[in-house]
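To start, the structure itself, in structure tokens.
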Amino acid sequence: MDFQFSSNENRPLMKPNRKRLNQDQIRLLETSFNSNRKLQVDCKLELARRLGLLPRQVTIWYQNRRAREKIHTIELDHKTIQLELDSVLAENRRLEQEVCMLKHELNKVQQMLSVANPSITLLPCVNISDRLKLP
DNA sequence: TTGTGTTTTACGACCTC
DNA sequence: GAGGTCGTAAAACACAA
């Protein structure tokens with residue numbers, strides 16, 4: 001394996017000259033990953049042998065693949081929650097409109113009653129709607 | 001080209017069993 | 001202690017300007 005060195009001679013970096021895995025290597029790793037998210041030792045050694053990689057590289061690939069899957073899952077969850085939130089907000093708007101309309105109707109009925117019988121005490125509709133509010 | 005954003009490989013620190 | 005996650009560096013790559 002090729003190595004490159006840091007320009008800082010006090011702290012030489014031993015970083016391997018990285019090469020991306022080819023499509024065949026990725027295909028085999030993906031197939032293996034889909035059958036088991038956790039890498040067994042014997043499986044790692046077999047994969048490394050078949051792919052011409054170091055067992056350490058197979059380990060790293062699995063770690064990174066799990067991390068990518070986790071990010072993908074979180075993104076999907078986020079989208080799902082966002083859709084649910086949008087739906088709840090839409091329902092909330094609809095209910096608010098309904099409350100407003102009912103308050104209006106109640107007002108009209110109270111007005112009609114008070115005209116028909118002035119001795120009736122009007123209910124403050126604002127209090128009625130307040131009772132509908134959740135804590 | 002080249003500047004820039006994204007993806008992939010690799011590793012160290014820390015955690016769990 | 002082996003192997004996991006998490007955060008990150010940096011190489012590899014894609015692509016617009």
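Keep in mind it's a predicted model, so treat the numbers as computed, not measured. Quick note on labels: first sequence line is chain A, next is B, and so on, each numbered from 1.
- A salt bridge does not link E75(A) with K79(A): none of the charged nitrogens is closer than 4.0 Å to a carboxylate oxygen.
- Across residues 20-41 of chain A, R20(A), K38(A), L39(A), V41(A) each have a non-hydrogen atom less than 4.0 Å from an atom of DNA chain C (numbered order).
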After noting the C-alpha distance and the side-chain angles of L106(A) and L102(A), does the key distance pass the side chain to side chain contact (heavy atoms under 4.5 Å, CB included) rule?
-> CA-CA 6 Å; L106(A) 178 59; L102(A) 289 171; over 6 Å; no

Walk me through it: do E46(A) and R49(A) pass the test salt bridge (Lys or Arg N to Asp or Glu O under 4.0 Å)?
-> CA-CA 5 Å; E46(A) 173 65 10; R49(A) 188 189 65 76; 3.0 Å; yes

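- In this structure the side chain of W61(A) never reaches within 4.5 angstrom of the side chain of K44(A), judged on heavy atoms.
- Contact annotation: the side chain of R65(A) never approaches that of L29(A) to less than 4.5 Å [non-hydrogen atoms, C-beta and beyond].
- Of the two residues near DNA chain C, K70(A) and K44(A), the one whose nearest nucleotide lies more 5' is K44(A).
- Contacts between residues 58-69 of chain A and DNA chain C, counted as heavy-atom distances below 4.0 Å, involve Q63(A), R66(A).
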Going through the distances and angles, do R66(A) and Y62(A) end up as a side chain to side chain contact (heavy atoms under 4.5 Å, CB included)?
-> CA-CA 6 Å; R66(A) 280 192 295 269; Y62(A) 260 71; 3.8 Å; yes

Go through L95(A) and E91(A) one step at a time and tell me if the side chain to side chain contact (heavy atoms under 4.5 Å, CB included) criterion holds.
-> CA-CA 6 Å; L95(A) 289 171; E91(A) 176 67 0; 4.0 Å; yes

For L21(A) and L53(A), what are the C-alpha separation, side-chain angles and deciding distance, and is it a side chain to side chain contact (heavy atoms under 4.5 Å, CB included)?
-> CA-CA 9 Å; L21(A) 305 180; L53(A) 299 172; 3.9 Å; yes

